[in-house]
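Lettering follows sequence order; numbering is per chain, from 1. Remember, predicted model here, so these are calculated numbers, not experimental data.
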Amino acid sequence: MADSKVTGGRGGSAGAGGTGGGGTGNAPVPDEKAIARVAPVKLWIEEVGLAGKGHEAERAGYVRDLAAFCRFAGSGPKEVLESCFRKTKFGDLAISAKGRREITAQIDGYVESLGLAGRDAAVAGNRIRSFLIHNGVYMQGKVAYP
Amino acid sequence: MDFKKVVGTRRSVRWFKPWKPVEREKIEVILQAARWASRSMNADYPRAVVVMRDELPAEVLEALHNPTTAADVDLAPVYIFWYFDMEYVNGVQDRLKQLVDQHALSASHGWSYAYIDNHLWPQVLKQIAEEPIALMFMGATETGIAICNALNAAVDQGLGTCLHSFINSSELQKVLGVPPTWIPVWMQLVGYPLEDPEAGGQRPRSAMGDMYFEGSCDKPWREDPEVTGQLQRDGMIQEPGPLPWREQEVKMLTRMFGLPE
C-alpha cells in the first residue's frame with residue numbers, strides 16, 4: 001500500500017534531516033513523541049481512523065512523515081497550521097490564501113528533498129496536506145496516477 | 001433519460017475518469033441546454049469558456065492549478081468556466097421587442113413597443129443598469145438558471161458534473177482571455193463518473209413543509225404520499241445517502257489516486 005512506500009522510501013533522506021527548507025519558523029521542532037501529543041495531530045490521527053489498536057505501525061508512519069516535514073519547515077505542527085490562517089478585522093480565524101500558497105510551496109520543496117518521483121512524490125505531499133485538511137485548511141492534493 | 005430521473009440522479013460528482021475525454025458533441029448539448037434556459041428580459045446573461053484539459057498547453061494547465069483546485073483540475077477532463085456579462089442590459093430593448101413581434105409578449109398582457117421605449121427602459125431597466133447590486137443580483141440569478149440546465153444536460157448524457165467555486169485570478173483571466181465586464185459564477189467540472197452514479201445516495205433535503213407553503217407562510221405544504229411514491233418509482237426520489245458502501249468507495253478512490261485521506 002502507498003503508506004509503507006512513503007515511509008519506507010524516504011529512509012534517511014534529506015527530508016528527515018535538518019531544517020534548511022525555507023521554513024515557516026525557527027522554533028525548535030518537537031520530536032515524534034511530542035508531535036503525536038499535539039492536539040491537531042491527535043485530531044488528524046483520529047479522523048483518518050488510526051487512533052485505535054491495530055494501527056500502531058501506520059499511525060507511527062503518519063507521525064514520522066509529519067515530523068519529517070516539520071523538521072524540513074523548521075516549525076512545529078501547530079506553527080505550520082497557524083501559518084495557514086489569519087485573523088480577520090472582526091477577530092475571526094480565516095484561511096490565509098498567502099499562507100496556504102506558501103505552505104503548498106513548502107510541501108513541494110519537502111517532497112523534492114525526499115528525492116521521490118511520480119506517485120510516491122504525490123502521496124508524500126498529500127500525507128502532509130491531509131494533516132492540514134483535517135484541521136480546517138481547505139486545499140486539494142495532487143493526483144497520483146496508479 | 002426521463003426528466004424526473006435526470007433530476008433525481010443528479011449529484012455533485014467529484015470523481016471522474018481522468019483518462020476518458022468527453023465528446024465535443026456532448027459539451028455542445030450542455031451549452032445548448034444553458035442557452036435555451038428561461039431568462040428574464042430575453043437578455044444574454046451567461047458566458048462560458050470551455051476548457052478541454054487534454055488540449056491545453058502544459059503552462060496553461062499549470063496556471064489553472066492552485067492549492068484549492070489541484071485534484072479537480074487533474075481528475076476532470078473538462079472545465080466550463082461560467083460567468084455573466086455585466087453588460088447584459090445592453091440591447092435589451094431590442095430583444096424585448098423581438099418578443100413582442102413574436103407575440104410572446106402581447107397587448108393581452110400589457111406589452112407594447114411604447115411601453116418598452118417610454119417606461120420600461122427609462123424607469124426600470126436603465127436604473128437596474130446603473131445599480132451594481134441589482135445588476136449583480138439579476139446576473140447571478142439568471143445565470144444560475146442557465147447553469148441548472150447545463151447540469152441536467154450533463155446528467156442526461158451519462159456524464160458526471162459538479163459546480164466548484166473558483167478564484168478568478170488575473171492569471172486565469174489572462175489565460176482564458178476574460179473581458180473585465182465578466183463576473184465569475186461557477187466552474188463546472190464535467191467528465192465520465194468514476195464513482196457509482198448513485199454517488200453514495202441522494203443528498204439530504206429538508207421536509208417539504210419546512211421549505212414550501214400553501215396560501216400563506218403559516219401553512220406548510222402537505223406532502224402527498226401518493227405523489228412521493230410515484231416520484232420514487234420515476235426516479236426523482238432515490239435511496240438517501242449514505243449508502244452502506246459509500247465510505248469504502250471513497251476510501252478506495254482516495255487510495256487509487258493517492259489523495260489525502
Side-chain angles (χ1 to χ4, degrees), chain A residues 1-6 9 44-50 55 58-59 61-62 65-66 69 83-84 95-108 111 116-146, chain B residues 12-21 53-54 56 58 61-79 160 162-172 184 187 189 191-195 242 246-261:
Chain A
M1 207 179 70
D3 302 322
S4 57
K5 265 192 197 170
V6 173
W44 175 45
I45 294 298
E46 275 172 30
E47 291 205 352
V48 294
L50 298 177
H55 299 291
E58 206 176 352
R59 183 164 65 234
Y62 270 59
D65 288 343
L66 181 61
F69 175 73
S83 74
C84 297
I95 293 172
S96 158
K98 181 170 172 267
R100 183 169 53 191
R101 268 198 313 275
E102 286 172 358
I103 211 77
T104 299
Q106 243 174 14
I107 292 171
D108 289 343
V111 170
L116 299 173
R119 181 176 172 86
D120 289 345
V123 171
N126 288 344
R127 172 67 52 82
I128 308 307
R129 288 187 184 92
S130 170
F131 165 69
L132 299 171
I133 290 167
H134 282 280
N135 281 285
V137 183
Y138 178 75
M139 58 166 51
Q140 291 190 350
K142 291 190 176 177
V143 168
Y145 293 105
Chain B
S12 290
V13 165
R14 295 181 175 85
W15 297 96
F16 301 96
K17 292 176 180 169
W19 55 84
K20 189 170 180 181
R53 186 198 56 203
D54 293 344
L56 285 174
L61 188 59
E62 189 52 40
L64 292 175
H65 279 82
N66 68 51
T68 65
T69 62
D72 289 325
V73 167
D74 285 343
L75 289 174
V78 180
Y79 334 123
C162 179
L163 296 179
H164 195 299
S165 59
F166 68 99
I167 300 166
N168 193 38
S169 64
S170 52
E171 201 177 10
L172 181 67
M187 173 168 71
L189 306 171
Y192 283 93
L194 182 61
E195 59 188 308
R246 178 59 173 176
E247 191 178 353
Q248 194 64 13
E249 181 185 37
V250 170
K251 198 172 200 172
M252 297 298 279
L253 291 169
T254 300
R255 290 188 175 184
M256 180 177 174
F257 292 113
L259 285 165
E261 293 199 29

* Most heavy-atom pairs under 4.5 angstrom with chain A, which of B:M256, B:H65, B:K251? ->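 Looking at each option in turn, the highest pair count goes to B:M256.
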* To do: Could you tell me whether a side-chain N or O of B:E261 sits under 3.5 Å from a main-chain N or O of A:V48, the two making a donor and an acceptor?
  =>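 Between the backbone of A:V48 and the side chain of B:E261 there is no qualifying donor-acceptor contact (under 3.5 Å).
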* Interface residue of largest heavy-atom contact number with chain B, from A:E47, A:R129, A:K142, under 4.5 Å ->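 Most heavy-atom pairs under 4.5 Å with chain B: A:K142.
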If you compare all heavy atoms of [X] against all heavy atoms of [Y], which two are closest, and at what distance to 0.1 Å?
{"X": "B:R255", "Y": "A:R119", "value": "O-NH2, 2.6 Å"}
{"X": "B:A70", "Y": "A:G141", "value": "CB-O, 3.6 Å"}
{"X": "A:Y145", "Y": "B:D74", "value": "OH-O, 3.2 Å"}

* Under the criterion side-chain hydrogen bond (donor to acceptor under 3.5 Å, both in side chains), which of B:D72, B:N66, B:T69, B:T68 is the partner of A:Q140? ->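 Filter result, single survivor: B:D72.
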* Asked: Using the ring of each side chain (for Trp, its six-membered ring), is B:H164 parallel, tilted or perpendicular to A:Y138, with breaks at 30° and 60°?
  ->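 The arrangement is tilted - the two ring planes meet at 30° to 60°.
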* Single hit among A:V123, A:N126, A:I133 for side chain to side chain contact (heavy atoms under 4.5 Å, CB included) with B:L259 -> A:N126
